[in-house]
Amino acid sequence: MVSPLLADDADEETTTNNNGRGGTHIHLWQFLKELLHQPQLYGSCIRWLDRPKGVFKIEDSVRVARLWGKRKNRPAMNYDKLSRSIRQYYKKGIMKKTERSQRLVYQFCHPYCL
DNA sequence: AATCAGGATACAG
DNA sequence: CTGTATCCTGATT
């Protein structure tokens with residue numbers, strides 16, 4: 001038996017928490033929020049720095065990218081490509097740059113962090 | 001080296 | 001058409 005708090009390494013989400021859906025048409029920002037809402041499971045790779053402001057930090061870019069790749073069935077996914085998609089959110093008003101930009105720190109725009 | 005910034009192009013739904 | 005995925009060049013940390 002593996003302790004639920006130390007479940008990582010080989011299988012990141014075999015016992016996946018599929019929120020009732022198949023996990024198909026999910027947007028990246030929604031996926032990131034799903035991880036942020038499960039700190040018990042993903043707190044080591046992504047967490048809020050300022051929840052009310054929608055500021056969060058990706059602590060383990062490799063793992064978050066790997067999880068995203070699994071969710072979208074894109075085995076070649078990596079942080080370079082995932083971050084490119086996040087950058088597209090700036091122009092769209094889904095995310096914005098933080099006041100003092102720090103590496104791996106992003107911020108949701110008001111309606112999206114709720 | 002890793003991450004950030006975008007433009008260009010490809011692709012799936 | 002939209003929302004990435006992929007690829008690339010150059011800048012910054």
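When reading the values below, keep in mind they use all heavy atoms of this one structure, side chains included, and skip hydrogens, waters and symmetry mates.
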| Are A:V105 and A:M95 connected in a single hydrophobic cluster, I mean Ile/Leu/Val/Met/Phe/Trp/Tyr linked by side-chain heavy atoms less than 4.5 Å apart? |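 Different clusters: A:M95 never reaches A:V105 through Ile, Leu, Val, Met, Phe, Trp or Tyr contacts under 4.5 Å.
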| Is A:W48 reachable from A:I86 through a run of hydrophobic residues whose side-chain heavy atoms are each under 4.5 Å from the next? |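 Same cluster.
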| query | Closer to the 5' end of DNA chain C via nearest nucleotide, is it A:R87 or A:I94? | reply |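 Of the two residues, A:I94 wins.
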| Test of ring centre spacing under 6.0 Å for A:F108 and A:W29 |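 For A:F108 and A:W29, the ring centres are not under 6.0 Å apart.
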| query | Do the two ring centres, one from A:Y106 and one from A:Y89, sit under 6.0 Å apart? | reply |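 Between A:Y106 and A:Y89, the centre distance exceeds or equals 6.0 Å.
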| request: Would you kindly check if the NZ (Lys) or CZ (Arg) of A:K96 is within the cone defined by 45 degrees around the ring axis of A:Y90 and under 6.0 Å from the six-membered ring centre? | output: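 Here A:K96 fails the 6.0 Å and 45° test against A:Y90.
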| said: So, taking the atom named CD1 in A:I58 and the one named CG in A:L82, what distance separates them when rounded to the nearest 0.5 Å? | reply: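 That separation rounds to 6.0 Å.
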I need the [atom1]-[atom2] distance between [X] and [N], as an integer number of Å.
X      : N      : atom1 : atom2 : answer
A:R84  : B:dA10 : CZ    : P     : 16 Å
A:Y106 : B:dC4  : OH    : C1'   : 7 Å
A:K72  : C:dT2  : NZ    : C1'   : 12 Å
A:F31  : C:dT4  : CZ    : P     : 12 Å
A:K92  : B:dA5  : NZ    : C1'   : 17 Å
A:W68  : C:dT6  : CH2   : P     : 11 Å
A:E59  : B:dA2  : CD    : C1'   : 15 Å
A:L104 : B:dT3  : CG    : P     : 5 Å

Would you say [X] places a side-chain N or O within less than 4.0 Å of OP1 or OP2 belonging to [N]?
X     : N     : answer
A:S85 : C:dA5 : yes
A:Y90 : B:dG6 : no
A:K81 : C:dA5 : no
A:K97 : B:dC4 : no

| Which comes earlier along DNA chain B counting from the 5' end, the contact point of A:V62 or that of A:K91, where each point is its nearest nucleotide? |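 Here A:V62 is the residue nearer the 5' end.
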| Among B:dG7, B:dC4, C:dT4, the nucleotide that comes nearest once only the side chain of A:W29 is considered |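 Ranking B:dG7, B:dC4, C:dT4 by closest atom to the A:W29 side chain puts C:dT4 first.
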Got a list of protein N/O to nucleotides 9-13 of chain C N/O distances below 3.5 Å?
{"from": "C:dT13", "atom 1": "O2", "to": "A:R103", "atom 2": "NH2", "distance (Å)": "2.8"}

| request: Identify, with sequence neighbours excluded, every residue that meets side chain to side chain contact (heavy atoms under 4.5 Å, CB included) alongside A:R103. | output: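 Per chain and number, A:R103 pairs via side chain to side chain contact (heavy atoms under 4.5 Å, CB included) with no residue.
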| request: Tell me what A:S61 touches on the nucleic acid: a base, only sugar-phosphate, or nothing, going by heavy atoms under 4.0 Å. | output: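 It contacts sugar-phosphate atoms only.
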